[in-house]
Amino acid sequence: MPGSSQRKGAIRKKPRGNPTAGSGGRVRRGLEGKGPTPKAVDRTKHPAHKRAKAKERAEKRTTGRRPDRKDSESTVEWVYGRNPVVEALRAGVPVSALYVAEGTERDARLREALLIAVEHGISLLEVPRIELDRLTSHGAHQGLAVQIPPYEYAHPDDLLRLAYDADQVPLIVALDGVTDPRNLGAITRSAAAFGAHGVLVPERRTASMTASAWKTSAGAAARIPVARCTNLNRALKSYKDAGLMIVGLDMGGEVELPDLQAATDPIVLVVGSEGKGLARLVRENCDLIVSIPMTSSTESLNAGIATGVALYEISRRRGQ
């Protein structure tokens, strides 16, 4: 173009003078980055952060909760009164301490209790009467009480392992709904007498190994393990998978006890309560239901007696 001093295609130079507006350092700051990446648990949209928050909420819900049944059963048990204490000591119930109130009148029962305690190395504690009142919840202790530690239950697998270690055909007794500790003690006694390898009880809705069960077992609870499971049906399925036959003992069974051909096989004998018998799901999990033949005038047998009869017959057939 006429009068132009710049050729076409030439590089234009910035005119001297005031500089044009720049980025103000924005580009430089952008290149510097945002620092180290936060941990996953600190990033609000990351799954790890959500899991941590959920765990925190769950912990807040459980804080201050009431102890469950299993926790409450872990406390010690008290037997008090002169006759009950002497009977418990005679039966070999495990006792951690014998408590005697100060100023208690000495008689034959107290002297026998003291003698047994000394012979078996049981701790003797003399306490103020008001303290023994508190420990026994103001029961009629007559100046004498014993403290019994929680029973140490075995695992259901321990019963099976015990049989195999002894190179014997497994025989396990499982209880469904037997709530009377005296029945549990009687069943434990029969199980020990007729060669069973243990007794299985569920955690809920069944008797526990209390002092009453110990006394009724007449010391058998010290010779044969009692195991506890959280779910009886799952435990029975586990035994079934291990090759044991699940035999329910109930009225109206398809096989009578004298005709039980499976008596010599590995067996779990399941015993129900005297009134209700076996629960529906437990009955469905049984491979066979066996009944004890009785005269028409007898409606049913006590759970402890029925178990003893069944175990005797199984033991007799195994010994043939």
Side-chain angles (χ1 to χ4, degrees), residues 69-70 72-81 83-85 87-88 90-95 137 139 146 148-154 156 159 172-194 196 198-233 235-236 247-251 253 268-283 286 289-292 294 298-312:
R69 185 173 183 267
K70 187 175 182 180
S72 64
E73 286 188 349
S74 65
T75 57
V76 297
E77 182 185 358
W78 289 92
V79 175
Y80 49 84
N83 284 336
V85 166
E87 289 174 4
R90 287 174 179 171
V93 175
V95 172
S137 301
V146 289
I148 301 174
Y151 181 80
E152 294 184 7
Y153 291 93
L159 309 185
I172 297 170
V173 181
L175 306 186
D176 175 35
V178 176
T179 57
D180 190 340
R182 292 169 296 182
N183 271 335
L184 173 57
I187 290 170
T188 302
R189 186 176 183 179
S190 295
F194 296 118
V199 178
L200 176 67
V201 297
E203 285 186 359
R204 300 180 182 277
R205 293 183 292 276
T206 192
S208 300
M209 283 304 298
T210 61
S212 177
W214 265 98
K215 286 191 293 184
T216 310
S217 75
R223 303 192 302 270
I224 186 172
V226 177
R228 189 160 62 174
C229 61
T230 55
N231 186 290
L232 180 60
N233 284 299
L236 294 178
V247 177
L249 182 62
D250 206 359
M251 295 182 63
V268 178
L269 180 67
V270 189
V271 181
S273 64
E274 181 179 348
K276 298 180 180 178
L278 297 173
R280 180 181 59 83
L281 288 178
V282 173
R283 191 182 183 96
C286 292
I289 303 296
V290 64
S291 60
I292 298 175
M294 295 182 295
T298 305
E299 295 182 358
S300 64
L301 292 175
N302 172 278
I305 296 175
T307 306
V309 171
L311 289 174
Y312 166 75

Participant: Kindly give the heavy-atom pair with the smallest separation between Trp214 and Val93, and that separation in Å.
Facilitator: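 Taking every non-hydrogen atom into account, CB-CG2, 3.5 Å.
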Participant: When you measure from the side chain of Ser217 to the backbone N and O of Arg189, does any donor-acceptor pair fall under 3.5 Å?
Facilitator: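 Pair absent, no side-chain N/O of Ser217 close to backbone of Arg189.
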Participant: Determine whether a donor-acceptor pair (N or O, by modelled atom type, separation under 3.5 Å) exists between the side chain of Glu87 and the backbone of Lys215.
Facilitator: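 Pair absent, no side-chain N/O of Glu87 close to backbone of Lys215.
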Participant: Which atom pair, heavy atoms only, marks the closest approach of Asn183 to Ala303?
Facilitator: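 Closest pair (atom of Asn183, atom of Ala303, distance): ND2-CB, 4.1 Å.
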Participant: Determine whether a donor-acceptor pair (N or O, by modelled atom type, separation under 3.5 Å) exists between the side chain of Asp176 and the backbone of Ala279.
Facilitator: yes
Participant: To the nearest 0.5 Å, what is the distance between CG on Asn233 and CG on Leu281?
Facilitator: 5.5 Å
Participant: Please name the pair of heavy atoms, one in Ala191 and one in Val199, separated by the smallest distance, quoted to 0.1 Å.
Facilitator: CB-CG2, 3.9 Å
Participant: Are more than 12 heavy atoms, taken from residues, nucleotides or ligands other than Arg283, located less than 6.0 Å from that residue's CZ atom?
Facilitator: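 For Arg283, atom CZ is crowded (more than 12 foreign heavy atoms under 6.0 Å).
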Participant: Taking all non-hydrogen atoms of both residues into account, name the closest pair between Pro225 and Ala154 and its distance.
Facilitator: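 For Pro225 and Ala154, the tightest heavy-atom pair comes out as CB-CB, 4.1 Å.
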Participant: Return yes if some donor-acceptor pair links the side-chain N/O of Tyr153 with the main-chain N/O of Met209 below 3.5 Å, else return no.
Facilitator: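 Judged by distance alone, yes, a pair lies under 3.5 Å.
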Participant: What's the spacing between Thr210 OG1 and Arg182 CZ if we round to 0.5 Å?
Facilitator: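 Output value for this atom pair is 10.0 Å.
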Participant: Closest approach of Ala310 and Leu249, non-hydrogen atoms and distance?
Facilitator: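 Answer, listing the atom of Ala310 first, then Leu249: CB-CD2, 3.9 Å.
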Participant: Pick one: which of Val173, Thr307, Ile224, Thr216 meets side chain to side chain contact (heavy atoms under 4.5 Å, CB included) with Thr188?
Facilitator: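 Exactly one pass, corresponding to Ile224.
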Participant: Side-chain contact, heavy-atom cut-off 4.5 Å: Leu232 with Leu200?
Facilitator: yes
Participant: To check you understand the geometry: which heavy-atom pair defines the closest contact between Ser273 and Gly177, and what is its length?
Facilitator: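 So the minimum-distance heavy-atom pair works out to CB-O, 3.2 Å.
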Participant: With a 4.5 Å limit on heavy-atom distance, are the side chains of Ser208 and Val201 in contact?
Facilitator: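 No, too far: nothing below the 4.5 Å cut-off.
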Participant: To the closest 0.5 Å, what do you measure between CG (Leu184) and OG (Ser212)?
Facilitator: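 Answer rounded to 0.5 Å: 9.0 Å.
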